[in-house]
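A quick write-up on the structure given underneath.
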Number of protein chains: 2
Amino acid sequence: MLQIAREAGVSLGTVSHVMNGTAIVREPLRQRVLNAVKNLGYEPNELSRGLRLNKTSIIGMIIPDITNPFFPAVVRGVEDVAYKNSYRLVLCNTDNDSSKEITYLSQLKSFLPAGILLIPSMGSTVATNSSGPPVVCVDRRPQGWKGDMVTVANREGAYKAARHLIDMGHRQIGLIAGPSYLTNAQDRLLGFTQALNDAQIPIAPEYIQEALFDRATGYSSAMRLLQMLPRPTAIFTTNDLMAMGALLAVRESKLSCPKDVSIISFDGLEQTELTDPPLTTVYQPGYQLGYTAARLLLERIDASKQPAQEIVLETTLRVRNSVANLNR
Amino acid sequence: MLQIAREAGVSLGTVSHVMNGTAIVREPLRQRVLNAVKNLGYEPNELSRGLRLNKTSIIGMIIPDITNPFFPAVVRGVEDVAYKNSYRLVLCNTDNDSSKEITYLSQLKSFLPAGILLIPSMGSTVATNSSGPPVVCVDRRPQGWKGDMVTVANREGAYKAARHLIDMGHRQIGLIAGPSYLTNAQDRLLGFTQALNDAQIPIAPEYIQEALFDRATGYSSAMRLLQMLPRPTAIFTTNDLMAMGALLAVRESKLSCPKDVSIISFDGLEQTELTDPPLTTVYQPGYQLGYTAARLLLERIDASKQPAQEIVLETTLRVRNSVANLNR
DNA sequence: TTGTAAGCGTTATCAG
DNA sequence: CTGATAACGCTTACAA
């Protein structure tokens, strides 16, 4: 910066002023500075800038599994609003590992981001009112979180899915639930059981399998379900990755979906449109989720004193071909 | 930090020393410092640290499209080695936008990362020997890049795919190529034409369509191909996302794959195993790509003077059910 | 072994 | 409008 100042024949402070537009500088001088910047290829050092300003123009985001296509969709939504508002998105993938989550969270904080978007993995412990940058939680609620949050209507969505199965005449329904420590998994389980209760369908406990929202455990849970007697006529997999695993399990068991066993899922990833058969699933708006969360975070950055908000997005049932109609 | 020093009854410098293990501090003092750190919940400020050390423990990575499942796989590979070596991975998604790429690249640099991993999108212009942190390019080569690089044997992989089609009796073969400014797309095109030349099969120029490595343009290119007369008996889509689009196009055209038209692809994403029909595709090791690139970058960080390396990973043909055998 | 102080690249205050 | 200068939080000679 000093070099620029010398090259342009002005003082250091003036350079700072023209870079930040923080004071009106006489045009000729301004030009000289700008030229010098161009000539020397000067790039301000964000580290020192952040150090001085006590915050950077970064928005940090922590996601549990970059490999699950649902999360990249959320990220896209976040990025679109962050980038437009000249924040830069910086992403950390915790791989569903809570120690990684903790590490990344504090690492991120020590870079003084303008704000943080968190999709918590395990029993995350984010102190709600801890000092530091504003945090908004996305998709799942950490233990005791009272701050801003945007989620999807998981309970209602799961209810719709189960209801659809029931409407199609299914009575022996297996569930592949997500990890019980995740609030969205809990809510989906709740929606499921409520639908069955409302329809006065008894729930066999062994029909409820807990898996990890990934394909591998979806596969093994489905295998278990398929070997039970009586075999469930339908399985509700509470996310699409697990549905993929279930599909595989059905195929390897020499069974056919939906003829022998129906599958309904949750997420509505693009790829489930092309599976064999195309999956009936409850769509949740990933992009919107990210978009909304980012908007909320920006609001919070500008006005930190507002009361915490909770936004819930709706899901919609997308009927395709993986559920058999038992009524006819 | 001063607070810690006071709380522990030592000087500021001592605190730094125990934090970094940069000097042997008498055990009782050390413990007092550590306690103070715990009590006050002290987290060192990475900004000032980086400012002083002139580098941070961050590895920056720039990817073109987080929505294409191939890249998350690469990211996972990178993350595993970065995290283990106590570097933190920070990710930027350019959304295939070269201006975003430039912005992120310079933004990233101004945070003084220990190194940068770049999957270039457009005709990226990364000066090979520009000062700053070491950069290794992944998957594609930017214009005139002479530095470290790890890619996949694209030409050979594409050759295998085309060869497989030929072996199965196909002679009218359509190609959905990637963007011509991407070196991996160029190489795949090269492998394709070479296979056809070697087999003395003439190539109709209109059978070669250029798309953008995404599902939407894969779909429209396939639509165009399917309306040509004579209709190609097989289509080689040069990545899986475009194959998904092609599959959709086939379905919407009331045709059947592989009966009416065969499809072979490139990438080998997990999801292509479950499509209808399961796709025959050339697998490229995404995770390995990231893993290798990260290893190379770490080497480079430690010994910047080694000559530039180029590592090329092999691909393998995975035969499934999307290619018809015309020979019988 | 411990403490002091200079300096990393910026910004912001304040006197010209 | 411009230009010194202190301060941001930390590391590291160097002195004690």
Side-chain angles (χ1 to χ4, degrees), chain A residues 1-37 40-58 86 88 106-114 131-133, chain B residues 1-37 40-58 86 88 106-114 131-133:
Chain A
M1 204 156 160
L2 198 59
Q3 276 194 41
I4 304 286
R6 283 211 249 274
E7 171 108 359
V10 299
S11 88
L12 213 166
T14 307
V15 175
S16 175
H17 279 136
V18 339
M19 293 297 290
N20 299 289
T22 161
I24 300 168
V25 177
R26 252 181 299 159
E27 197 49 30
L29 276 203
R30 218 179 78 86
Q31 282 308 327
R32 261 155 54 197
V33 171
L34 261 22
N35 279 336
V37 166
L40 300 184
Y42 167 72
E43 291 274 3
N45 177 323
E46 288 294 326
L47 249 30
S48 54
R49 212 150 172 271
L51 180 57
R52 184 60 236 253
L53 295 175
N54 209 32
K55 80 146 82 168
T56 65
S57 61
I58 280 185
S86 58
R88 303 296 158 244
S106 77
Q107 189 88 9
L108 217 42
K109 277 189 184 166
S110 70
F111 275 96
L112 305 183
S131 65
Chain B
M1 202 154 161
L2 198 59
Q3 275 194 42
I4 303 288
R6 281 211 253 273
E7 172 107 358
V10 300
S11 88
L12 214 164
T14 306
V15 175
S16 175
H17 279 138
V18 338
M19 294 295 292
N20 299 289
T22 160
I24 301 168
V25 178
R26 250 181 301 157
E27 197 49 28
L29 276 202
R30 216 179 81 85
Q31 282 308 327
R32 260 152 59 195
V33 171
L34 260 23
N35 279 336
V37 165
L40 300 182
Y42 167 72
E43 290 276 1
N45 177 324
E46 287 295 324
L47 250 29
S48 53
R49 213 151 171 271
L51 180 59
R52 182 61 235 253
L53 293 176
N54 210 32
K55 79 148 75 168
T56 66
S57 61
I58 280 185
S86 59
R88 302 296 158 244
S106 78
Q107 190 88 8
L108 217 44
K109 278 189 184 167
S110 70
F111 275 96
L112 306 183
S131 62

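Proteins get letters first, then strands, A, B, ... in listed order; numbering begins at 1 in each. Just so you know, these numbers come straight off a predicted model, no measurement behind them.
Taking only side-chain nitrogens and oxygens, A/Asn20 comes nearer than 4.0 Å to OP1 or OP2 of C/dT11. Note on B/Arg52: every side-chain N or O is 4.0 Å or more away from OP1 and OP2 of C/dG7.
Atom CG in B/Leu112 sits about 10 Å away from atom C1' in C/dG9, given to the nearest Å. If you take CG of B/Leu47 and P of C/dT10, they are 13 Å apart, rounded to a whole angstrom. A/Tyr42 places its OH atom 7 Å from the C1' atom of C/dG9, with the value rounded to the nearest Å. With rounding to whole Å, A/Arg49 atom CZ is found 8 Å from C/dT10 atom C1'. Counting to the nearest Å, the C1' atom of C/dG9 and the CG atom of B/Leu51 are 6 Å from each other. Counting to the nearest Å, the C1' atom of C/dT2 and the NE2 atom of B/His17 are 9 Å from each other. The CD1-C1' distance, from B/Ile4 to C/dG3, rounds to 17 Å in whole Å.
Residues B/Ser48 and B/Arg26 both approach DNA chain C. Their nearest nucleotides, taken by heavy-atom distance, put B/Arg26 toward the 5′ side. Of the two residues contacting DNA chain D, namely A/Leu29 and A/Leu12, the nearest-nucleotide position lying further toward the 5' end is that of A/Leu29. Both A/Val15 and B/Gly9 sit near DNA chain C, but only B/Gly9 has its closest nucleotide nearer the 5' end.
Put simply, chain B comes within 4.0 Å of DNA chain D, heavy atom to any atom, from D/dG9 to D/dT12, going 5' to 3'.
One N or O on the side chain of A/Thr56 and one on the backbone of A/Leu112 form a donor-acceptor pair closer than 3.5 Å. In this structure a side-chain-to-backbone donor-acceptor pair under 3.5 Å is present from B/Asn45 to B/Leu47.
Of all non-hydrogen atoms in B/Leu40 and B/Gln3, the two that sit nearest each other are CD1-OE1, 3.7 Å.
Residue A/Glu43 is classed as a sugar-phosphate contact, given heavy-atom separations below 4.0 Å to backbone atoms only. Counting any heavy atom pair closer than 4.0 Å across all strands shown, B/Leu53 reaches sugar-phosphate atoms only and no base atom.
Using modelled atom types, one finds a donor on one side chain and an acceptor on the other under 3.5 Å when comparing A/Glu27 with A/Gln31. A donor-acceptor pair shorter than 3.5 Å cannot be found between the side chains of A/Asn35 and A/Arg30.
Tested against B/Val25, the residues B/Val10, B/Val15, B/Val33, B/Thr14 include a single side-chain contact (heavy atoms from CB on, under 4.5 Å) partner, B/Thr14.
In A/Leu2, the CG atom is crowded: over 12 heavy atoms of neighbouring residues, nucleotides or ligands sit closer than 6.0 Å.
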